[in-house]
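Working notes, beginning with the structure itself.
Residue numbers run from 1 in the order of the sequence given. Values below: every heavy atom of this structure, side chains too, minus hydrogens, waters and symmetry copies.
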Amino acid sequence: RSAGIMHFKLDENLPSIITAILEGAGFEASTVHEQRLSGVKDAVLAAHCAQKDYTLITLDNDFSHTVPYPPKEHAGIIVLRPRNQGRIAVAKFFEKFLTRFDINKCKRKTIIVEECHLRIRE
């Protein structure tokens, strides 16, 4: 892993094309499948990401709750909330998010991305 480059962990519910989108933007990204974390409990995935300083990207709304996942205790959680959760729609939704938000500023924040606005919890 390159020093100073943010690393994103894609939850199993996301299309892998998002990895290519992030890498094209100069970031590092991997999926839970690549690290054999598919099917683990949310708390296990959150702890893994916090330990490795990975920002988690997910469609799982459970990660938007700040009591079990306090923003100060993780490297960042981005919860995508697109209306259409098809693979291509989610990829386009994520690309739109990247044009609206400086993803470098997601550290120690929970960001809930909805169709027309962002909610940022610190």
- Query: Are Pro71 and Thr66 side-chain neighbours, meaning at least one heavy-atom pair lies under 4.5 Å?
  - Reply: yes
- Message: Looking only at the side chains, is there a donor atom on one of Thr55 and Lys9 sitting less than 3.5 Å from an acceptor on the other?
- Response: no
- Task: Tell me, with the steps shown, if Tyr54 and Glu28 meet side-chain contact (heavy atoms from CB on, under 4.5 Å).
- Result: CA-CA 9 Å; Tyr54 294 165; Glu28 292 182 350; over 6 Å; no
- Message: Does atom CZ (Arg100) have a neighbourhood of more than 12 heavy atoms from anything else shown, all under 6.0 Å?
- Response: yes
- Test side-chain contact (heavy atoms from CB on, under 4.5 Å) applied to Asp11 and Ile78, Asp60, Leu80, Leu59, the passing residue: Asp60
- Message: Using 0.5 Å steps for rounding, measure from the CG atom of Asn13 to the CD1 atom of Ile57.
- Response: 11.0 Å
Would you give me the side-chain donor-acceptor pairs under 3.5 Å for residues 115-122, sequence neighbours excluded?
| from | atom 1 | to | atom 2 | distance (Å) |
| --- | --- | --- | --- | --- |
| Glu115 | OE2 | Arg83 | N | 2.7 |
| His117 | NE2 | Glu114 | OE1 | 2.9 |
| Arg119 | NH2 | Glu114 | OE2 | 2.7 |
| Arg121 | NH1 | Ser64 | O | 2.6 |

- Min side-chain heavy-atom separation Val113-Phe94 under 4.5 Å: no
- Can you measure from NZ (Lys105) to CD1 (Ile103) and round to the nearest 0.5 angstrom? 13.0 Å
- Message: Apply the hydrophobic cluster definition, ILVMFWY joined by side-chain contacts under 4.5 Å directly or through others, and give me every member besides Val79.
- Response: Val32, Leu37, Val40, Val44, Leu45, Leu56, Phe63, Tyr69, Ile77, Ile112
- Message: List the residues meeting salt bridge (Lys or Arg N to Asp or Glu O under 4.0 Å) with Arg108, not counting sequence neighbours, and say none if there are none.
- Response: Asp53
- Where at least one partner belongs to residues 9-39, residue pairs that pass ring-ring contact (aromatic ring centres under 6.0 Å, His included), sequence neighbours excluded: Phe8-Phe27
- Closest non-hydrogen contact found for Ala50 with His74 is CB-CA, 4.3 Å
- With sequence neighbours left out, write down each residue that passes side chain to side chain donor-acceptor pair (under 3.5 Å) with Thr19, or none if nothing qualifies. none
- Query: Between Ile18 and Ala91, what is the shortest heavy-atom contact and its length?
  - Reply: CG1-CA, 4.3 Å
- Applying side chain to side chain donor-acceptor pair (under 3.5 Å), which residue pairs with at least one partner in residues 85-97 are found, sequence neighbours left out? none
- Message: Any non-hydrogen side-chain atom of Pro15 less than 4.5 Å from a side-chain atom of Ile88?
- Response: no
